[in-house]
Asks: 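The structure under discussion is supplied below as structure tokens; questions concerning it will follow.
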Amino acid sequence: MIKWEYLVETWTLSINTADREEFEQELNEYGRDGWELVTIIPNAGDSNDSISIACNQLVFKRKVE
């Protein structure tokens, strides 16, 4: 039976062209450590009657040896 461990990290920068290189570097670092990105959960915040994405939760998993 395969066992997994999970890691949830908060990403506070937006994932757009300006932050893309930094985001890719972060993902590659996790990948080198054996982590696989499972999903990104956006956390919406309400600010002055408008909804914006304040940060994202990145969920990773890797096999437990």
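Every heavy atom of this structure was used, including side-chain atoms; hydrogens, water molecules and symmetry mates were not. Because the structure is a prediction, the values reported are computed rather than measured.
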Asks: Starting at CG of Asn56, measure out to CH2 of Trp11 and round the result to the nearest 0.5 Å.
Replies: 9.5 Å
Asks: From Glu9 CD over to Tyr30 OH, what is the distance, rounded to the nearest 0.5 angstrom?
Replies: 3.0 Å
Asks: Please report the interatomic distance CD(Glu5) to CD(Glu65), rounded to the nearest 0.5 Å.
Replies: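 Taking CD in Glu5 and CD in Glu65, the distance rounds to 9.5 Å.
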Asks: Would you kindly confirm whether Phe23 and Val59 end up in one hydrophobic cluster when ILVMFWY residues are joined by side chain heavy atoms under 4.5 Å apart?
Replies: no
Asks: Nearest 0.5 angstrom please: Leu27 CG to Ile40 CD1, how far?
Replies: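 Leu27 CG to Ile40 CD1: 7.0 Å, rounded to 0.5 Å.
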Asks: State which residues pass side chain to side chain donor-acceptor pair (under 3.5 Å) with Glu36; sequence neighbours excluded, sorted by chain then number.
Replies: none
Asks: Indicate yes or no for a side-chain donor-acceptor contact from Arg62 to the backbone of Tyr6 under 3.5 Å, with no hydrogens or angles considered.
Replies: no
Asks: At what distance, to the nearest 0.5 angstrom, does CG of Leu58 lie from CZ of Phe60?
Replies: 4.5 Å
Asks: Roughly how far, to the nearest 0.5 Å, is CG of Leu7 from NZ of Lys61?
Replies: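 Those atoms lie 13.5 Å apart.
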